[in-house]
Amino acid sequence: MDRPQLNSPVRRYKAYVGTLGTTQLYLRNPFMVAFASLAFPGIGHFMLDKYLRGYLLFVWELYVNFNTHINLAILYSFIGEFQMAKDVLNINWVLLYLPTLIFSIWDSYRSAVDLNHQYILAAREDAEIRVFNIDSIEINYLDKRTPWNAAIWSAMMPGLGQLLIHRVPAAFFLIVMFIFIAQMAKLLPGIHYTLLGQFDYAKSIINPQWFLNLPSIYLFSIYGAYISTVAHNNLFDWEQSKFLKKNYQHHNFNMPFKKVNESGERMYVVSTFDHSNYLELAITAIQMKGIAKEKILGVSMDKRGEGRKLFDTIHSSDGLSLLDLPFVFATLFCLFGSIYGFILTWGPVLWGIIGLFVGFGLGLIIKLISTKKYTNRENKLKATEVVLIIECKETQAEIVMDLLWENHALGVRKLDLNIA
């Protein structure tokens, strides 16, 4: 496994594409990271790609929480059974639980702030990174994914969204832990009998001590997959922009200002692309047809400052979406719904789901109002990300245009400067 050389002049890299995953620096919201650690210690550190610390805190939380009976105490407290809450707590473990919880919140917040500073310094250094890693057990490379695709996979099974973007250490751990906790909580039988309408029986078989761990893990697995995909896409765009600037902005490129000769043999083909692997496939295919790289100009476009977007896409990711507050509210309301579901008719499964959607919707409404996004939505079309200009002979123009279309160019135009 290749790693940056110790004698390299580069002090900070924005990312490292390793065998088992892509670890990168990007701007995180420290308050979201701290809230994730409050909801369940270790999750905030997963969001920071600090896996070893996250593993330790996560497992310790499970162990101490179970021995302390914290979740049962929370349940009894919220339903008004205060004496039962006091009785169920194991005082031999309570004082061991609090320091770890406080440390997890504090350390994740501090680390998020520190890593944001490191990101700013790495962005200013603007060092190149390796984008492809292959060895005997795995292949990893930079590519683009749709953020909501990752979120949906994590909604189906926590960890699958992380696996989609090749964050194997987090994915493996989340999948194993979620299955373990779901089995201990009797989640699947609870869902089964809830769907059959046997709500009382579903409540009787669900283990609340384990069940109340699930909302935090489930929702922050979805949120983590989403924001990581946004960051991953932004990293891809940044790296490809550097690649174009280094390799396809040659100083000898003849800009199409006027006629280049009287024979009419030379012309230009202009095309537009999104940042994607198809762009590089098109460029290399054109070079294989005998067109030198000095005859190809690729320019990554600076984007006009855009307002925050509700839905990040594979082509539009600002990394500061409106979904922070909705996920916080969804986690809280899902937890409350699960708690009160043990005394309400429909049970903790249905009320947890209802709380999830109510919390997400309420958080989204508040965020929309606070950021005034009900208006100013006129810029709905996707903006061009890359302009590609190819200087070629007239006999090569059709071949070049076909290659551009085959590789998903957004638009292609032949520019003949010899026309009067």
Side-chain angles (χ1 to χ4, degrees), residues 126 128-129 131-132 141-146 230 232-307 309 312-318 377-420:
D126 204 29
E128 293 184 11
I129 63 171
V131 300
F132 188 89
Y141 52 89
L142 284 187
D143 200 357
K144 298 185 79 170
R145 300 284 187 271
T146 304
V230 170
H232 200 81
N233 290 347
N234 289 336
L235 180 68
F236 181 95
D237 291 353
W238 167 82
E239 193 284 326
Q240 192 168 72
S241 177
K242 286 182 66 67
F243 170 77
L244 293 174
K245 184 175 181 180
K246 179 180 178 180
N247 294 280
Y248 295 99
Q249 294 183 16
H250 199 273
H251 64 277
N252 289 330
F253 183 84
N254 294 314
M255 293 298 293
F257 293 135
K258 58 183 179 180
K259 289 184 181 182
V260 293
N261 59 26
E262 297 297 332
S263 64
E265 293 182 352
R266 188 169 300 171
M267 59 180 57
Y268 293 87
V269 177
V270 182
S271 62
T272 56
F273 276 86
D274 292 319
H275 279 295
S276 70
N277 284 323
Y278 288 110
L279 169 61
E280 295 181 44
L281 288 170
I283 291 174
T284 52
I286 290 169
Q287 288 183 253
M288 291 176 67
K289 296 299 181 180
I291 297 176
K293 66 186 301 183
E294 292 80 10
K295 303 295 184 181
I296 302 174
L297 178 67
V299 181
S300 181
M301 306 301 291
D302 291 331
K303 296 179 182 179
R304 185 181 65 181
E306 299 175 354
K309 292 186 171 144
D312 293 306
T313 68
I314 193 171
H315 300 297
S316 178
S317 302
D318 57 20
R377 289 265 181 177
E378 68 276 5
N379 187 21
K380 296 180 180 179
L381 296 177
K382 184 171 61 180
T384 295
E385 296 180 340
V386 178
V387 174
L388 196 64
I389 304 176
I390 298 98
E391 180 187 347
C392 62
K393 296 180 181 178
E394 185 175 6
T395 55
Q396 298 172 312
E398 292 300 325
I399 297 174
V400 169
M401 293 176 69
D402 288 342
L403 289 172
L404 294 170
W405 284 123
E406 289 173 8
N407 287 283
H408 304 282
L410 299 179
V412 178
R413 179 78 178 187
K414 182 166 59 176
L415 183 62
D416 188 354
L417 297 178
N418 292 292
I419 298 176

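All residue numbers refer to positions in the sequence shown, counting from 1. It should be emphasised that the depicted structure is a prediction, and the values quoted were computed from it without experimental measurement.
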For the residue pair [X] and [Y], establish whether any side-chain heavy-atom pair is separated by less than 4.5 Å.
| X | Y | value |
| --- | --- | --- |
| Leu244 | Ile283 | yes |
| Phe273 | Leu404 | yes |
| Glu239 | Ile129 | yes |
| Leu403 | Glu406 | yes |

**Asked** Can you name the closest pair of heavy atoms from Ser276 and Gln240 and give their distance?
**Response**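 Looks like O-NE2, 2.8 Å.
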**Message:** For Tyr141, give me all partners under ring pair (Phe, Tyr, Trp, His ring centres under 6.0 Å), at least two apart in sequence or on another chain.
**Reply:**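 Applying ring pair (Phe, Tyr, Trp, His ring centres under 6.0 Å) to Tyr141 gives none.
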**Asked** Listed by chain and number, what are the ring pair (Phe, Tyr, Trp, His ring centres under 6.0 Å) partners of Tyr248, not counting sequence neighbours?
**Response**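 Scan of Tyr248 (ring pair (Phe, Tyr, Trp, His ring centres under 6.0 Å), adjacent residues dropped) gives Phe243.
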With rounding to the nearest 0.5 angstrom, report the [atom1] to [atom2] distance, [X] to [Y].
| X | Y | atom1 | atom2 | value |
| --- | --- | --- | --- | --- |
| Leu279 | Glu385 | CG | CD | 10.0 Å |
| His232 | Arg145 | NE2 | CZ | 6.5 Å |
| Leu235 | Asp143 | CG | CG | 11.5 Å |
| Asn407 | Thr284 | CG | OG1 | 7.5 Å |
| Met401 | Ile390 | CE | CD1 | 10.0 Å |
| Asp274 | Asp237 | CG | CG | 9.0 Å |

Check residues 290-301 and write down every donor-acceptor pair under 3.5 Å in which the side-chain atom is one partner and the other belongs to a residue at least two apart or another chain.
residue: Lys293; atom: NZ; partner: Asn247; partner atom: OD1; Å: 3.4
residue: Ser300; atom: OG; partner: Ser241; partner atom: OG; Å: 3.3
residue: Ser300; atom: OG; partner: His275; partner atom: NE2; Å: 2.9

**Message:** Checking Phe236 against Asn277 for the side-chain contact (heavy atoms from CB on, under 4.5 Å) test, could you report, in this order, the C-alpha distance in whole Å, the side-chain angles of both residues, the deciding distance, and whether it holds?
**Reply:** CA-CA 9 Å; Phe236 181 95; Asn277 284 323; 3.6 Å; yes
**Item:** side-chain contact (heavy atoms from CB on, under 4.5 Å) between Val269 and Gln396, intermediate numbers included
**Value:** CA-CA 10 Å; Val269 177; Gln396 298 172 312; over 6 Å; no
**Side-chain donor or acceptor of Asn233 paired with backbone N/O of Thr146 under 3.5 Å** =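 Not at all, since once roles are kept as given, no pair shorter than 3.5 Å links the two residues.
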